[in-house]
Engineer: 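Below is the structure I would like to discuss, written out as structure tokens.
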Amino acid sequence: MTSITALLASAKPVEGGFSTEIPANWLQGRTAYGGLSAALALDAAVRLADDLPPLRSAQIAFIGPLSGEVNVTASLLRRGRNAAFIQSDIVSEAGLGFRATFVFMTSRDSAVAHDATAPAPIAPPPGDAKLYVGPDNFFTSNFEFFDPKADLGPAEWLRWGRLREREGLHPMVELMAIGDGLPPGAFKLFGKPTPLSSLNWQINFLDPAPVTQDGWWLLGAASDHAQGGYSSQRMTIWNADGALVAEAMQAVAIFG
């Protein structure tokens, strides 16, 4: 198993970023797992400056398949007094496969203090919980998952997950890697395995420096609409203390 830490350690510098090889254990079908791509892209972005504000938002487009050797580059689009916008691209032999815009922004004094978020509905797994690890040569082999008993909708997932090897990772790079770890909500609507592919990912971070315990994050994904080969879903991430740390949306293509 090749960890993200090992991938980054073996990366070769290129202009504006680095090159690395996508190993088989990070593939999701014929392309790299989306969370890995997002993690690599964010790592390239944070290398641009040592004094970036906290990451607040990411707009991601999964443009095409990524495998084999890839170049991961980042460029500063704009930096003002409070915010920095950085674009990251990942290119393989097949061309541009991934593009993200990361928004880093400082906290500001405000008269508004509104928080209507709900706490995590389920506690982290106990120490003796039975955990799931995916098969070798598939991206889920890099994670440990725990499926709690919960009353869920027909196109909804709720699952605790953590990276098996996370030592040395930038905290937000780790969170990007785990944040896309669930199957699409629409996957549950099919009676047999059906190909699905994420098209984009918009994620907003509610906490400028989210932390958790023992690497555990509670991931949620729910689709309210799936029709005509297309699904829209809402996504959430809580930490082990039950605080909501990120909200997201994703569009998913359905091939079946």
Side-chain angles (χ1 to χ4, degrees), residues 1-7 22-29 31-40 62 118-167 169 171-190 192-198 201 203 205 210-223 231 233-248 250 252:
M1 186 180 76
T2 304
S3 67
I4 298 177
T5 303
L7 275 181
I22 305 296
N25 68 289
W26 279 106
L27 290 176
Q28 185 176 14
T31 189
Y33 157 61
L36 172 68
S37 299
L40 296 178
F62 300 107
I122 298 170
D128 60 351
K130 184 178 180 179
L131 307 179
Y132 168 78
V133 176
D136 294 340
N137 292 338
F138 192 65
F139 81 95
T140 53
S141 65
N142 297 281
F143 302 99
E144 291 178 321
F145 292 110
F146 173 70
D147 278 311
K149 294 181 179 180
D151 184 16
L152 302 177
E156 182 180 8
W157 296 98
L158 196 61
R159 175 180 288 173
W160 286 96
R162 66 181 177 185
L163 272 173
R164 294 174 64 190
E165 294 189 28
R166 53 191 183 276
E167 187 70 29
L169 287 180
M172 298 307 287
V173 170
E174 176 191 342
L175 193 54
M176 292 297 292
I178 187 68
D180 194 31
L182 290 180
F187 187 80
K188 296 183 76 173
L189 299 174
F190 295 90
K192 60 180 181 179
T194 301
L196 298 96
S197 179
S198 299
W201 188 17
I203 181 168
F205 297 98
V211 294
T212 194
Q213 298 175 23
D214 297 325
W216 287 115
W217 303 95
L218 180 61
L219 310 176
S223 174
S231 172
Q233 68 176 27
R234 297 168 285 107
M235 303 165 71
T236 43
I237 306 175
W238 289 269
N239 67 10
D241 291 328
L244 186 66
V245 301
E247 295 179 315
Q250 226 175 48
V252 179

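In this chain, residues are counted from 1 in sequence order.
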Engineer: Check whether Arg164 reaches the backbone of Glu144 with its side chain - one donor and one acceptor, N or O, closer than 3.5 Å.
Structural biologist: no
Engineer: Name all residues meeting the ring pair (Phe, Tyr, Trp, His ring centres under 6.0 Å) criterion together with Phe205; count only those two or more places apart in sequence or in a different chain, and write none if there are none.
Structural biologist: none
Engineer: Taking the side chain as C-beta and beyond, is there a heavy-atom pair between Pro121 and Leu158 under 4.5 Å?
Structural biologist: yes
Engineer: Would you say that Arg162 contacts Leu131 through its side chain, given a criterion of any heavy-atom pair below 4.5 Å between the two side chains?
Structural biologist: yes
Engineer: Could you state the interatomic distance from CH2 (Trp201) to CE (Met176), rounded to the nearest 0.5 Å?
Structural biologist: 4.5 Å
Engineer: What distance do Asn25 atom CG and Asn142 atom CG have between them, rounded to the nearest 0.5 Å?
Structural biologist: 4.5 Å
Engineer: How far does CG of Leu163 sit from CD1 of Ile4, to the nearest 0.5 angstrom?
Structural biologist: 5.0 Å
Engineer: Hey, can you tell me if Tyr33 and Phe139 have their rings parallel, tilted or perpendicular (30° and 60° cut-offs)?
Structural biologist: parallel
Engineer: Please walk me through it: do Met235 and Leu219 pass side-chain contact (heavy atoms from CB on, under 4.5 Å)?
Structural biologist: CA-CA 7 Å; Met235 303 165 71; Leu219 310 176; over 6 Å; no
Engineer: Which is it for Asn137 and Leu27 under the side-chain contact (heavy atoms from CB on, under 4.5 Å) test, yes or no, and what are the steps along the way?
Structural biologist: CA-CA 7 Å; Asn137 292 338; Leu27 290 176; over 6 Å; no
Engineer: CH2 of Trp157 to OG1 of Thr236: how many Å apart, nearest 0.5 Å?
Structural biologist: 14.5 Å
Engineer: Do Asp180 and Gln250 pass the side-chain contact (heavy atoms from CB on, under 4.5 Å) test, and can you show the C-alpha distance, the side-chain angles, and the key distance before you say yes or no?
Structural biologist: CA-CA 10 Å; Asp180 194 31; Gln250 226 175 48; 2.9 Å; yes
Engineer: For the pair Phe143 and Trp26, name the ring-plane relationship: parallel under 30°, tilted 30 to 60°, perpendicular over 60°.
Structural biologist: perpendicular
Engineer: Out of curiosity, Phe145 CZ to Trp160 CH2, how far, rounded to the nearest 0.5 Å?
Structural biologist: 13.5 Å
Engineer: Contact between Leu182 and Arg159 at the side-chain level, heavy atoms closer than 4.5 Å - yes or no?
Structural biologist: yes
Engineer: Ignoring hydrogens, what is the shortest heavy-atom contact between Leu7 and Pro23? Give both atom names and the distance.
Structural biologist: CD2-CD, 3.7 Å
Engineer: What heavy-atom pair brings Pro154 and Lys188 nearest, and what distance separates the two atoms?
Structural biologist: O-CB, 3.4 Å
Engineer: Side chains of Val245 and Thr212, heavy atoms from C-beta outward: is any pair under 4.5 Å?
Structural biologist: no
Engineer: Any sub-3.5 Å donor-acceptor pair from Asp241's side-chain atoms to Ala243's backbone N or O?
Structural biologist: no
Engineer: Shortest non-hydrogen contact from Leu175 to Pro210?
Structural biologist: CD2-CG, 3.8 Å
Engineer: Check Pro183 against Ala221 and note the closest heavy-atom contact, atom names and distance.
Structural biologist: O-CB, 4.4 Å
Engineer: Quick check: closest heavy atoms across Ala150 and Ile122, and the distance to 0.1 Å?
Structural biologist: CB-CD1, 3.5 Å
Engineer: Measure across Ala240 and Gln213 and return the closest heavy-atom pair with its distance rounded to 0.1 Å.
Structural biologist: CB-N, 3.8 Å
Engineer: Please check: side-chain N/O of Thr5 versus main-chain N/O of Glu167, any donor-acceptor pairing under 3.5 Å?
Structural biologist: yes
Engineer: Does the side-chain contact (heavy atoms from CB on, under 4.5 Å) test come out yes or no for Ile237 and Ile203, once each step is laid out?
Structural biologist: CA-CA 10 Å; Ile237 306 175; Ile203 181 168; 4.1 Å; yes
Engineer: Rounded at 0.5 Å granularity, tell me how far CD in Gln233 sits from CZ in Phe187.
Structural biologist: 12.5 Å
